[in-house]
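Note that the structure is a prediction, hence the values are computed from the model and not measured. To find a chain, count down the sequence lines: A is the first, B the second, and so on, and within it residues start at 1.
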Protein chains: 2
Amino acid sequence: MLTIGKLGKAAGVKVPTIRYYEQIGLLPEAERSAGNQRLYGHKAQERLAFIRHARDLGFTLEAIRDLLSLSDRPDQSCAAADAIAKAQLAEVESRLARLTALKAELERMVVQCAGGSIADCPVIEVLSDHSLCATDHRHPESEVPS
Amino acid sequence: MLTIGKLGKAAGVKVPTIRYYEQIGLLPEAERSAGNQRLYGHKAQERLAFIRHARDLGFTLEAIRDLLSLSDRPDQSCAAADAIAKAQLAEVESRLARLTALKAELERMVVQCAGGSIADCPVIEVLSDHSLCATDHRHPESEVPS
DNA sequence: CTTGAAGCTATAGTTGCTAGAGACATTAGG
DNA sequence: CCTAATGTCTCTAGCAACTATAGCTTCAAG
């Protein structure tokens, strides 16, 4: 049985984060020692690793909650899990597209800036006047949508 | 003079967001009509467009605050503005790199899933066991760092 | 002159944690 | 066995950047 600190170290997750996951019901309530400290077994360790890995891949806690409850019913179809992963992939792809456009525009700004004064700094200029952007694209709605 | 609603529509910013920007001091306090409603002139409209554009490019509100105060002093050197833009570019590039790695791994998961049962769903499997990831990469620290 | 849209303030909620305070538990060294 | 240093406990508040809600007032059109 591991204390919360060892578990955190093993999984690469900070201690308060583990307690937070328990609080929101992603992890079940842990067993307690005589002195009221949380103790974790192998199952909890696997579950936390799953969560951590999914977070690393950018899944939201809500999506992870769904994936976990799916993985608890191994007999069912994996269509739902596949759908969640596909949605995440689509999300990542759309963010990639947006970031790529941002990168191009930022590069244009930075390259043009030759260290003069603010009055003719292309950084300020481009930000002030959208029409100075490359004309062949629209801006993304926002960088990280709701 | 525009009411807050017209201004929002003109700049593509929601009304509560404008009030929020005023609250945190990004926009100056607006003039008020006889009936206490906010009124905006040309200058405010430009300032809001600047903010909106910078947000679209992923600058934080803190960075925008700095850029705005720089643009208010046109005689100074634009080195600071350039540094902010360069930092933002670096940030975008690092996020691009991370997202590209995520995309590859998600694609692997999704492609392998042939619609069987959860018990052998590659989505769940890969998430459960990190060693099933492509062995030639480490995961990014996190998708969007602090 | 009435009705409905748009505006006002103030507060709370969102996501995914992180930081702090102040008290108790455990462990390593002497 | 005692003490000091960690580790853990609960609880609350804070971060970014908004978004939503409630309950009110003001404005513009018919």
Respond yes when some side-chain nitrogen or oxygen of [X] is under 4.0 Å from OP1 or OP2 of [N], and no when none is.
X	N	result
A:Arg65	C:dG16	no
B:Thr17	D:dA17	no
A:Arg38	D:dT8	no
A:Tyr21	C:dC17	yes
B:Arg32	C:dT9	yes
B:Lys14	D:dC18	no

Just compare [options] and give me whichever is closest to any side-chain atom of [X].
X	options	answer
B:Arg55	C:dT9, D:dT8, D:dC18	D:dC18
B:Leu61	C:dT9, D:dT8, D:dA17	D:dA17
B:Pro16	D:dT19, C:dT18, D:dC9	D:dT19
A:Val15	D:dT8, C:dC8, D:dA17	D:dT8

Using whole Å, report how far [atom1] of [X] lies from [atom2] of [N].
X	N	atom1	atom2	answer
A:Leu7	D:dT8	CG	P	10 Å
B:Glu31	C:dG7	CD	P	16 Å
A:Lys6	C:dA25	NZ	C1'	14 Å
B:Tyr20	C:dT14	OH	C1'	13 Å
A:Leu27	C:dG16	CG	P	15 Å
A:Ile4	C:dA25	CD1	C1'	14 Å
B:Ile24	D:dA17	CD1	P	8 Å
A:Leu48	C:dC17	CG	C1'	14 Å

Let me confirm one number: the [atom1]-[atom2] distance from [X] to [Y], rounded to the nearest 0.5 Å.
X	Y	atom1	atom2	result
A:Leu67	A:Glu62	CG	CD	11.0 Å
B:Glu105	A:Asp56	CD	CG	9.0 Å
A:Glu125	B:Cys78	CD	SG	10.0 Å

- Message: Regarding A:Arg19, tell me which of base, sugar-phosphate or nothing describes its non-hydrogen contacts under 4.0 Å with the strands shown.
- Response: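 Contact class for A:Arg19: base.
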- Message: For the CD atom on A:Glu31, are there more than 12 heavy atoms of other groups (residues, nucleotides or ligands in this structure) within a distance under 6.0 Å?
- Response: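 Atom CD in A:Glu31 is not crowded, with 12 or fewer foreign heavy atoms closer than 6.0 Å.
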- Would you say the side-chain atoms of B:Arg108 pair up with the backbone N or O of B:Ala104, donor to acceptor, closer than 3.5 Å?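 Side chain of B:Arg108 to backbone of B:Ala104: no pair is present.
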- Query: Does a salt bridge link B:Arg38 with B:Glu22, judged by any charged N lying under 4.0 Å from a carboxylate O?
  - Reply: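 Yes, this pair counts.
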- Task: Please assess A:Asp72 against A:Arg47 for the test salt bridge (Lys or Arg N to Asp or Glu O under 4.0 Å), listing each intermediate value before the final yes or no.
- Result: CA-CA 11 Å; A:Asp72 288 343; A:Arg47 198 173 173 96; 3.6 Å; yes
- Relative to the 5' end of DNA chain D, which residue comes earlier, A:Leu39 or A:Gln23, by the nucleotide with the nearest heavy atom?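 First, find each residue's nearest nucleotide; the 5'-ward one identifies A:Leu39.
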Return the polar atom pairs (N/O with N/O) between nucleotides 27-30 of chain D and the protein under 3.5 Å, or none.
from	atom 1	to	atom 2	distance (Å)
D:dC27	OP1	B:Gly35	N	3.2

- Applying the side-chain contact (heavy atoms from CB on, under 4.5 Å) test to B:Arg65, which of B:Ile51, B:Ile24, B:Thr60 qualifies?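 That would be B:Ile24.
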